[in-house]
Asks: 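Just dropping this structure here.
Any value given below was found using the heavy atoms of this structure, including those in side chains, with hydrogens, waters and symmetry copies removed. When a residue number appears, it is its place in the shown sequence, counting from 1.
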Amino acid sequence: MEAKFDVELVKDVKFYYPPPEVKEKSWIKDYSVAYQEFLADPEAFWEKMAQELDWVRKWDRVRVWDYPYAKWFVGARLNITHNCLDRHVMNHRRNKVALIWRGEEDEERVYTYRKLYREVMRFANGLKKLGIGKGDRVCIYMPMVPEQVIAMLACARIGAVHSVVFGGFGVTALNTRIVDADAKLVITADITVRRGKTISLLPIVEEAIVGASSIEKVIVLRRKSPQSELQSGMEVDFNELMEDVENFCEPETMDAEDPLFILYTSGSTGTPKGVVHTCGGYMVGTYYTTKYVFDLKEEDIYWCTADPGWITGHSYVVYGPLAAGGTVVISETTPDYPDPGNFWNIIEDLGITIFYTAPTAIRMFMKMGEKWPNGYDLSSLRIIASVGEPLNPEAFEWYYHVIGKDRCPLVDTWWQTETGMQMITTMIGEPMRPGFAGKGIPGVVADVVNKEGESVAPGKGGFLVIREPWPAMLRTIYKNDDRYRKYWYTIPNVYTTGDLAVKGDKGYIMILGRADDIILVAGHNIGTAEVESALVSHPAVAEAAVIGKPDPLKGNSIKAFVILRVGNTPSDHLTSEIIHHVRMTLGPIAMPSEIEYMEKLPKTRSGKIMRRVLKAKEMGIDPGDISTLEE
Ligand code: WTA
């Protein structure tokens, strides 16, 4: 793949053409052929994919679609960890490296498939000892360490449903998620390490489980020395739990439609949505995309920088790449510590071949300058990829030229917590268009439509929707099926993504961003309602509204408009106090970067805050139709 790609520029429309050998060497030889094969017989297409994996019992039917509910691989039985572990241990991958962890100070831990398999089974037996079994919900609140992956797989081994909560969330955010899921157990660590400092996690858990009556135990990975004290009775040491247990743990046989995990994502109302994914379809979807979108081969060293606390980590750190038998790198480090060469150093050091990161990181690297990546040998890279928010053309060009050196396909993957797997991208070997994620992958029918669900013409914008069910789609919102139905009934007969998009020519789709009250901050979904309720829980705040304000690095930053309770006056001190309060409640990712004090907030007659008006005012644009505005 040494040849550089051709570039074609017609009337401002730019395409990069990969040389033909890229296609010839990739799993998908031809996107159009594969797509036609899918369209001709969708069930046969997915069945063929599922055949590449191991099942305890095969399906009676590939798909049953009873709008808006889909079932996949109906009647099939399996355990996903058998496909991620046992399957490889039984073949030539037994001693292949499954997981490489990098910490700060060049710390490194390596797990072969066999070692990971043993650790997962021992921990699974430990969970059983605590009385955890099939269907129980387990909350995992951990830093990015191998034990986080082990904990997830151990739950899946015994059929317990994990709910991973990102380690950067604060007390209230964690509490809400534990309570909603009725979790019996929290698995955590005493500390997380960041930029040479340690941050305590355990006190957050201890506060978050107050009033969470479902919690029976807390498992703590103790990393600090001297060791942190544990509360007797309630808290159990991670490693001690693995002592005196059998090395082998039979995988629980799961129905394809049994839940595998719940993952909370922000919604338009205050409470986050527990997105439910199931065992069979999710496994097939993540396996297929890891193999075909990333073109994962036996010898690849694959690094996805996402935390398993997000869906990207679930699908493309843990389940997809392990099901495909890949070598996965995880790193508990930040891009710019000890210096902005950290990521490039890891790529050179480990010989990373596939690199998957987020636009916000790419834009930060752009700002730091080319000298950092140029100081390292990045020639091992063969595919570079992006996810989480729109990859703007400038960031695309930089990533493609400076990191990919004009010879690596750049796959910008659009998908969501709800979709479980990648949905829209430019498949390897296809011409790439900066600013455009691409098209539906084979297996996915994506479209841009108007409110009535009619396709818009090329060059026009509208709502991004998916027209057909797909195996890794969410099955429901935990304990709130009405919220699930909304995805399929907002526009009839299609799945509404909540994103706005533009259809370009040749079917390429440009993603513009969210159409609803979710703000993408550095690629993380933050619900305006959740931040607003954190703000009003501060004693000085009477009312609050937040908006996303364009930010050159993070995509958006959070700006809050606040009305104070009588007797309080705005001051810098109060501003930092309120911001700190949100930090403690929801975590640093949801912190407003700016607060403006107001006397009144623009509202509709029915009392709903019109964030659109605040945003338009902030950006100096016409707020459009504000006829429902009262004040
Ligand atoms: C946005 C992350 C543009 C989008 C996997 C989506 C993107 C939301 C892209 C889901 C992309 C994700 N280009 N926008 N390549 N990927 N998004 O649930 O707004 O954390 O709806 O899933 O991120 O975020 P989530």
Asks: State whether the side chain of Asp190 and the backbone N or O of Lys224 hold a donor-acceptor pair below 3.5 Å, judged by distance alone.
Replies: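 Here the side-chain-to-backbone pair exists.
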Asks: Would a distance-only check, ignoring hydrogens and angles, find a side-chain to backbone donor-acceptor pair under 3.5 Å from Ser266 to Asn525?
Replies: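 Yes: the side chain of Ser266 pairs with the backbone of Asn525.
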Asks: List the residues meeting salt bridge (Lys or Arg N to Asp or Glu O under 4.0 Å) with Arg57, not counting sequence neighbours, and say none if there are none.
Replies: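 Checked Arg57 against salt bridge (Lys or Arg N to Asp or Glu O under 4.0 Å); matches are Asp60.
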Asks: Return the set of residues passing ring pair (Phe, Tyr, Trp, His ring centres under 6.0 Å) with Tyr288 (not counting sequence neighbours), or none when no residue passes.
Replies: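 Partners of Tyr288 under the ring pair (Phe, Tyr, Trp, His ring centres under 6.0 Å) test: Phe45, Trp46, Tyr292.
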Asks: Go through the structure and list residues passing ring pair (Phe, Tyr, Trp, His ring centres under 6.0 Å) with Tyr487, not counting sequence neighbours.
Replies: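 In terms of ring pair (Phe, Tyr, Trp, His ring centres under 6.0 Å), with neighbours along the sequence ignored, Tyr487 is linked to Tyr495.
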Asks: Between Ala544 and Glu532, which heavy-atom pair has the shortest distance, and what is it?
Replies: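 Looking at all heavy atoms of both residues, the shortest contact is O-CG, 3.5 Å.
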Asks: Verify, without hydrogens or angle tests, whether Thr360 (side chain) and Ala522 (backbone) share a donor-acceptor contact under 3.5 angstrom.
Replies: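 No.
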Asks: List in chain and number order the residues that pass salt bridge (Lys or Arg N to Asp or Glu O under 4.0 Å) with Lys129, two or more places apart in sequence or in another chain; answer none if no residue qualifies.
Replies: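 Testing Lys129 for salt bridge (Lys or Arg N to Asp or Glu O under 4.0 Å), a comparison that skips the adjacent residues, returns none.
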Asks: Under 4.0 Å between a side-chain nitrogen and a carboxylate oxygen: does that hold for Lys184 and Asp136?
Replies: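 Judged by the 4.0 Å cut-off on N to carboxylate O distance, Lys184 and Asp136 do form a salt bridge.
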Asks: When you compare the side chain of Val220 with that of Ser228, does any pair of heavy atoms fall below 4.5 Å?
Replies: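 Ser228 does not reach Val220 side chain to side chain.
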Asks: Not counting sequence neighbours, which residues clear salt bridge (Lys or Arg N to Asp or Glu O under 4.0 Å) with Arg223? List them please.
Replies: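 Once residues adjacent in sequence are excluded, the partners of Arg223 under the salt bridge (Lys or Arg N to Asp or Glu O under 4.0 Å) criterion are Glu332.
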Asks: Restricting to non-hydrogen atoms, name the atom on His581 and the atom on Ser537 that form the minimum distance, rounded to 0.1 Å.
Replies: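 Reported closest heavy-atom pair: NE2-OG, 2.8 Å.
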Asks: Could you name each residue pair satisfying ring pair (Phe, Tyr, Trp, His ring centres under 6.0 Å) that touches residues 220-247, not counting sequence neighbours?
Replies: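 For residues 220-247, and leaving out neighbouring residues, the ring pair (Phe, Tyr, Trp, His ring centres under 6.0 Å) pairs sorted by first residue read Phe123-Phe238.
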Asks: Stepwise, does the side chain to side chain donor-acceptor pair (under 3.5 Å) test hold for Thr112 with Asn95?
Replies: CA-CA 5 Å; Thr112 61; Asn95 293 318; 5.0 Å; no
Asks: Within a strict 4.5 Å, meaning less than it, do heavy atoms of the Met90 and Tyr117 side chains meet?
Replies: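 No - every pair of side-chain heavy atoms lies 4.5 Å or more apart.
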Asks: So, for Pro469 and Ala70, which heavy atoms are closest and what is the spacing to 0.1 Å?
Replies: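 So the minimum-distance heavy-atom pair works out to CB-CB, 3.9 Å.
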Asks: Determine yes or no for a side-chain-to-main-chain donor-acceptor pair under 3.5 angstrom, with Glu216 supplying the side chain and Leu185 the backbone.
Replies: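 The answer is no, because no donor-acceptor pair under 3.5 Å joins these two groups.
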Asks: In terms of the angle between their ring planes, are Phe294 and Tyr302 parallel, tilted or perpendicular, with boundaries placed at 30° and 60°?
Replies: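 Correct class here is tilted.
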Asks: Between the main-chain N or O of Ala306 and the side-chain N or O of Tyr316, is there a donor-acceptor pair closer than 3.5 Å?
Replies: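 No: the side chain of Tyr316 does not pair with the backbone of Ala306.
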Asks: May I have the list of side-chain donor-acceptor pairs in residues 71-78 shorter than 3.5 Å, sequence neighbours left out?
Replies:
residue, atom, partner, partner atom, Å
Trp72, NE1, Trp470, O, 3.3

Asks: Are any non-hydrogen side-chain atoms of Thr305 and Phe343 less than 4.5 angstrom apart?
Replies: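 Yes, close enough: below the 4.5 Å cut-off.
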Asks: Apply ring pair (Phe, Tyr, Trp, His ring centres under 6.0 Å) to His88 and list each qualifying residue two or more places apart in sequence or on a separate chain.
Replies: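 So His88 forms a ring pair (Phe, Tyr, Trp, His ring centres under 6.0 Å) with Tyr113.
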Asks: Regarding Glu119 and Tyr111, is there a side-chain donor-to-acceptor distance under 3.5 Å anywhere?
Replies: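 There is no such pair between these side chains.
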Asks: Using side chain to side chain contact (heavy atoms under 4.5 Å, CB included), reason through Val276 and Tyr484 one step at a time and then give a plain yes or no.
Replies: CA-CA 10 Å; Val276 177; Tyr484 167 76; over 6 Å; no
Asks: Quick one: side chain to side chain donor-acceptor pair (under 3.5 Å) pairs with a partner in residues 149-173, sequence neighbours left out?
Replies: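 For residues 149-173: Thr81-Arg157, Asp86-Arg157, His162-Tyr319.
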Asks: Please enumerate all residues that pass salt bridge (Lys or Arg N to Asp or Glu O under 4.0 Å) together with Arg61, with sequence neighbours excluded.
Replies: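 Partners of Arg61 under the salt bridge (Lys or Arg N to Asp or Glu O under 4.0 Å) test: none.
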Asks: Ignoring hydrogens and geometry, is there a side-chain-to-backbone donor-acceptor pair from Lys96 to Gly325 under 3.5 Å?
Replies: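 Yes: the side chain of Lys96 pairs with the backbone of Gly325.
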Asks: Can you give each donor-acceptor pair under 3.5 Å made by side-chain atoms of residues 239-256, sequence neighbours left out, with the distance rounded to 0.1 Å?
Replies:
residue, atom, partner, partner atom, Å
Asn247, OD1, Arg122, NH1, 2.5
Asp255, OD1, Glu257, N, 2.9

Asks: So, the side chain of Thr528 versus the backbone of Val546: is there a donor-acceptor pair under 3.5 Å, distance only?
Replies: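 No, Thr528 side chain to Val546 backbone: no donor-acceptor pair under 3.5 Å.
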Asks: Quick one, Leu116 and Leu322 - any side-chain contact, counting heavy atoms below 4.5 Å?
Replies: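 Answer yes - side chains close enough.
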Asks: Check Asp237 against Gln227 and note the closest heavy-atom contact, atom names and distance.
Replies: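 In terms of heavy atoms, the two residues are closest at OD1-NE2, 4.5 Å.
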Asks: Can you list everything that forms a ring pair (Phe, Tyr, Trp, His ring centres under 6.0 Å) with Tyr264? Sequence neighbours excluded, please.
Replies: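 Scan of Tyr264 (ring pair (Phe, Tyr, Trp, His ring centres under 6.0 Å), adjacent residues dropped) gives none.
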Asks: Determine, for Arg177 against Glu530, whether the closest basic-nitrogen to carboxylate-oxygen distance falls under 4.0 angstrom.
Replies: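 Answer for the salt bridge query: yes.
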Asks: For the residue pair Arg195 and Asp336, establish whether any side-chain heavy-atom pair is separated by less than 4.5 Å.
Replies: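 Yes - at least one pair of side-chain heavy atoms lies under 4.5 Å apart.
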Asks: Parallel, tilted or perpendicular: which describes the rings of Tyr282 and Phe261, with under 30° parallel and over 60° perpendicular?
Replies: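 Taking Phe261 first and then Tyr282, their aromatic rings stand perpendicular (interplane angle over 60°).
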Asks: Could you tell me whether a side-chain N or O of Thr327 sits under 3.5 Å from a main-chain N or O of Val97, the two making a donor and an acceptor?
Replies: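 Yes: the side chain of Thr327 pairs with the backbone of Val97.
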Asks: Give the intermediate values and the outcome of side chain to side chain contact (heavy atoms under 4.5 Å, CB included) for residues Asp106 and Arg102.
Replies: CA-CA 6 Å; Asp106 286 340; Arg102 289 287 288 249; 3.3 Å; yes
Asks: Can any side-chain N or O of Asp517 pair as donor or acceptor with the backbone N or O of Gly267 at less than 3.5 Å?
Replies: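 Here the side-chain-to-backbone pair does not exist.
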Asks: Any side-chain to backbone donor/acceptor pair from Thr265 onto Lys273? Under 3.5 Å, distance only.
Replies: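 No, the answer is negative, given that no donor and acceptor are paired below the 3.5 Å cut-off.
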Asks: What closest approach, in Å, do Leu202 and Glu229 show between heavy atoms, and which atom pair accounts for it?
Replies: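 So the two residues come closest at CD2-O, 4.5 Å.
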